[in-house]
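The block underneath contains the structure these notes are about, expressed in C-alpha cells.
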Amino acid sequence: MVQRVRDTFARVVAEGFRADEVVGASAEEIDGVARAQRASGVPAALREVLRLMGREPGMWLSGSSFGGVLDGESKRDALDCLDEHDAARLGSGDEGGHGMVDAEGMLVVLDAAGSSYLVVDGAASASSIHRCGPSPRGPVALAAGAREERPRS
C-alpha cells in the first residue's frame, strides 16, 4: 500500500502537479500528532501520505486542517461529532452506531471546518478510515486493509 501511495504521487507530479507546493511531515512530527491525540497508531499508507504532504498539503486540502496540525483538541471535537451522530441515530429509533471499534484510540486525519472529520479507527485490527459529519449515512468507511504502525517513542 505504501508503494501505491508513492506511485500515485509520482504519477500526479509527472502529469503536472507541482511537488514544491506541498511539504511533508517528518517521522517525529507524525508520531507527535499520534501522541498528542493518544491515537493507537498510524496506518503505513497514511504515514506515507503524511510523509509526502503532512505539514502543508497545498491546494489539495485547502480550507481544512490536515496532518501535522491536528492535536488533542481536534480529537475531542471529532469524538463529540461521533457522540452527536450516535445520539441523532438513537433518537430516530435507529440502533446503529458510528461503526468504530476503538473511537478513543482513533487518529484524526482531517478536520474540515470543525464540522466534518476523517478519522482512523484506533483498533489494532481495524484500520478503516471513517468520515463523521453532516451526512445522511453518518461516518462512511472510505478505505480499509492498511497495516497499522504504532507511533515511535
Side-chain angles (χ1 to χ4, degrees), residues 1-85 98-135 137-153:
M1 194 59 113
V2 170
Q3 190 57 49
R4 191 170 170 190
V5 170
R6 291 176 184 158
D7 293 346
T8 299
F9 188 75
R11 187 180 73 244
V12 296
V13 168
E15 292 175 6
F17 177 74
R18 293 183 48 196
D20 61 337
E21 292 183 0
V22 298
V23 178
S26 69
E28 293 79 21
E29 289 169 316
I30 296 166
D31 293 339
V33 167
R35 274 192 303 277
Q37 293 186 31
R38 294 189 171 125
S40 298
V42 180
L46 175 58
R47 183 176 287 278
E48 185 63 15
V49 169
L50 295 172
R51 191 190 67 74
L52 292 168
M53 54 190 261
R55 187 181 305 157
E56 177 54 56
M59 66 176 204
W60 282 22
L61 299 169
S62 63
S64 298
S65 298
F66 174 75
V69 300
L70 296 168
D71 57 14
E73 183 176 344
S74 299
K75 171 119 174 224
R76 284 187 297 279
D77 292 344
L79 285 167
D80 287 346
C81 179
L82 289 173
D83 289 344
E84 289 171 15
H85 172 266
H98 48 66
M100 295 224 291
V101 176
D102 180 10
E104 289 297 323
M106 75 181 179
L107 175 67
V108 179
V109 179
L110 178 85
D111 176 346
S115 62
S116 292
Y117 301 88
L118 195 63
V119 301
V120 178
D121 194 320
S125 62
S127 54
S128 296
I129 298 177
H130 297 265
R131 179 180 170 277
C132 179
S135 166
R137 295 183 309 246
V140 179
L142 300 176
R147 185 178 66 79
E148 185 165 347
E149 273 187 26
R150 300 284 177 199
R152 296 180 185 115
S153 308

**Study point:** Between NZ on residue Lys75 and CZ on residue Arg38, distance to nearest 0.5 Å
**Key:** 8.5 Å
Exercise for review: Supply the atom-to-atom distance Met53 CE to Phe9 CZ, rounded to the nearest 0.5 angstrom.
Suggested key: 7.5 Å
Practice item. Output yes when a side-chain donor or acceptor of Gln37 lies under 3.5 Å from a complementary backbone atom of Val108, and no otherwise. Key: yes
Exercise for review: Take Leu70 and Leu107, measure what side-chain contact (heavy atoms from CB on, under 4.5 Å) needs, and give me the verdict at the end.
Suggested key: CA-CA 9 Å; Leu70 296 168; Leu107 175 67; over 6 Å; no
Study note, to complete from the structure: Heavy atoms of Ser74 and Asp111 approach each other most closely as OG-OD2, 4.2 Å
**Study point:** Gap between atom CD of Glu48 and atom CD1 of Ile30 - 0.5 Å precision
**Key:** 8.5 Å
Exercise for review: Drop me the distance from Arg11's CZ to Arg4's CZ, to the nearest 0.5 angstrom.
Suggested key: 9.5 Å
Practice item. Kindly check if the number of other-residue, nucleotide or ligand heavy atoms within 6.0 Å of CD (Glu104) is above 12? Key: no
Point to revise | Side-chain donor/acceptor of Asp121 to backbone N/O of Asp102, under 3.5 Å | key: yes
Exercise for review: Grab the two heavy atoms, one from Gly58 and one from Val22, that are nearest each other, plus how far apart they are.
Suggested key: N-CG1, 4.0 Å
Exercise for review: Go through the steps for Leu79 and Met106 under the test side-chain contact (heavy atoms from CB on, under 4.5 Å), then give the verdict.
Suggested key: CA-CA 9 Å; Leu79 285 167; Met106 75 181 179; 3.7 Å; yes
Check your understanding: Between Val5 and Ala45, which heavy-atom pair has the shortest distance, and what is it?
Key -> CG2-O, 3.9 Å
Review point. Mind checking whether Val109 and Phe66 have side chains closer than 4.5 Å, heavy atoms only?
Key: yes
Point to revise | Given Arg35, Arg51, Arg55, the one that forms salt bridge (charged side-chain N to carboxylate O under 4.0 Å, His left out) with Glu29 | key: Arg55
